[in-house]
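Note on naming: letters A, B, ... go to the chains in the order of the sequence lines (proteins, then strands), and numbering restarts at 1 for each one.
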2 protein chains.
Amino acid sequence: MESKIFQSFLGEKGLKLTKERIAVLKEVFSSHEHFEPEELYLRIKDSGSKASRASVYRTLNLLVESGLVEKVTRTEKSNVYEHTFGHSHHDHMICNGCGKIIEFYSEKLEALQNEICRGNGFIGKTHTLEIRGNCEKCIKAK
Amino acid sequence: MESKIFQSFLGEKGLKLTKERIAVLKEVFSSHEHFEPEELYLRIKDSGSKASRASVYRTLNLLVESGLVEKVTRTEKSNVYEHTFGHSHHDHMICNGCGKIIEFYSEKLEALQNEICRGNGFIGKTHTLEIRGNCEKCIKAK
DNA sequence: ATTTAATTGATATTAAATCTCAATTTCAAT
DNA sequence: ATTGAAATTGAGATTTAATATCAATTAAAT
Ligand SMILES: [Zn+2]
Ligand SMILES: [Zn+2]
Ligand SMILES: [Zn+2]
Ligand SMILES: [Zn+2]
């Protein structure tokens, strides 16, 4: 099923479904755990298939683009910091169009998160919530 | 004020308040924007103070440890992925003690996030919520 | 002032991710 | 089945963020 979706995603972009891409896709869907690229590369090797590191990285990017896979950690090129002393806790909305960052805070949201943590026997100390989408200006521009 | 806090944080750990650390702290609190380490290093140089890249990185780690600064992006050594096709959207709690990952989903939480987005004229497409803290097992172990 | 331990910075190192490019493979058209 | 254009591959080079090394320097307590 996921291979059909990947195939049509590739087709629409004029890209080809190769052995290597199939090997990566298979391995990605062979487990439901989180994984890192290097680890995936080794698993593919172990499983008897073959795909170079370069192909693993390239295919992962395609899989994310296709929507079949997501990054659990959203990384920029480097770490981003902010001083927090003197600022109350807040979360972020980031516009995919213009990069605008909206900082927001919701008492209700924080309370609900705590409630959900309690329901899982978990004590939350910190959190990061990042919402990606489009800001007012970019929506109107379309 | 933040320098008093940093000073006592350093004191408790038997560390020293040096010119370089003061320069980094000053620059970090000279603006309320998000920043990257390299950028901060250049700003310090421009401002007439001096601190090597090494010291900037080292001091940033201390500032995070002290609670005065936070990472906006939580990075591991490498990117982490998961396949999402065949799985419904979920968010993550991660235990600081044992690394256990709890996946959870709350209709109510998702709805509230959407409501907050609307209130900001923002249309959210995707989001990541990561809650760090301690799981049941690790709480009991103490 | 002396002593001791921490700190600095230039440089080396590590490691993730991307780039390069000649050789290979795919696939649609003959 | 052959051909040819275009995409893909993989080994290795490159880039770049971040950390580690270590001799020289500095902080701060006595
Ligand atoms: Zn929050
Ligand atoms: Zn912020
Ligand atoms: Zn969610
Ligand atoms: Zn997950």
Provide the Watson-Crick or G-U wobble partner of D:dT30, both distances under 3.5 Å; none if there is no partner.
C:dA1
So, the side chain of A:T59 versus the backbone of A:S55: is there a donor-acceptor pair under 3.5 Å, distance only?
yes
B:E20 has an atom CD; how far is it from atom C1' of C:dA10, in whole Å?
14 Å
NZ of B:K16 versus P of D:dA27: gap in Å, rounded?
9 Å
Pairwise 5' ranking along DNA chain D for A:A54 and B:L17, keeping only the more 5' one
A:A54
Is the distance from OP1 or OP2 of C:dT8 to the nearest side-chain N or O of B:K50 less than 4.0 Å?
no
Taking OP1 and OP2 of D:dG10, is either one under 4.0 Å from a side-chain nitrogen or oxygen of A:S55?
yes
Respond yes when some side-chain nitrogen or oxygen of A:R21 is under 4.0 Å from OP1 or OP2 of D:dT8, and no when none is.
yes
Take atom NZ of B:K13 and atom P of C:dA5, then tell me their distance rounded to the nearest Å.
18 Å
Looking at A:R53 and D:dG12, is any side-chain donor or acceptor paired with a base atom of the opposite kind under 3.5 Å?
no
Length of the CG-P vector between B:L10 and C:dT8, whole Å
10 Å
Electrostatic pair B:R58:B:E20 at N-O distance under 4.0 angstrom
no
Between B:N79 and C:dA17, is there a contact of a side-chain N or O with OP1 or OP2 at under 4.0 Å?
yes
Does D:dT16 have OP1 or OP2 sitting under 4.0 Å from an N or O in the side chain of A:S78?
no
I'd like to know if A:K71 pairs up with B:E82 as an ion pair, taking the criterion as any Lys NZ or Arg NE/NH1/NH2 lying under 4.0 Å from an Asp or Glu carboxylate oxygen.
no
At less than 4.0 Å, is any side-chain N or O atom of A:K19 found next to OP1 or OP2 of C:dT26? Yes or no.
yes
Under 4.0 Å from OP1 or OP2 of D:dA18: is there any side-chain N or O of B:N61 that close?
no
Please name the residue in the list B:H92, B:H83, B:E76 that meets the side chain to side chain donor-acceptor pair (under 3.5 Å) test with A:H34.
B:H92
Would you kindly give the CD-to-C1' distance between B:E39 and D:dT16, to the nearest whole Å?
16 Å
A:E130 bridged to A:R132 by N-O distance under 4.0 Å
yes
Specify the separation, in whole Å, of atom OH of A:Y57 and atom P of D:dG12.
17 Å
Identify, between B:L15 and B:R58, the residue whose nearest nucleotide on DNA chain D lies closer to the 5' end.
B:R58
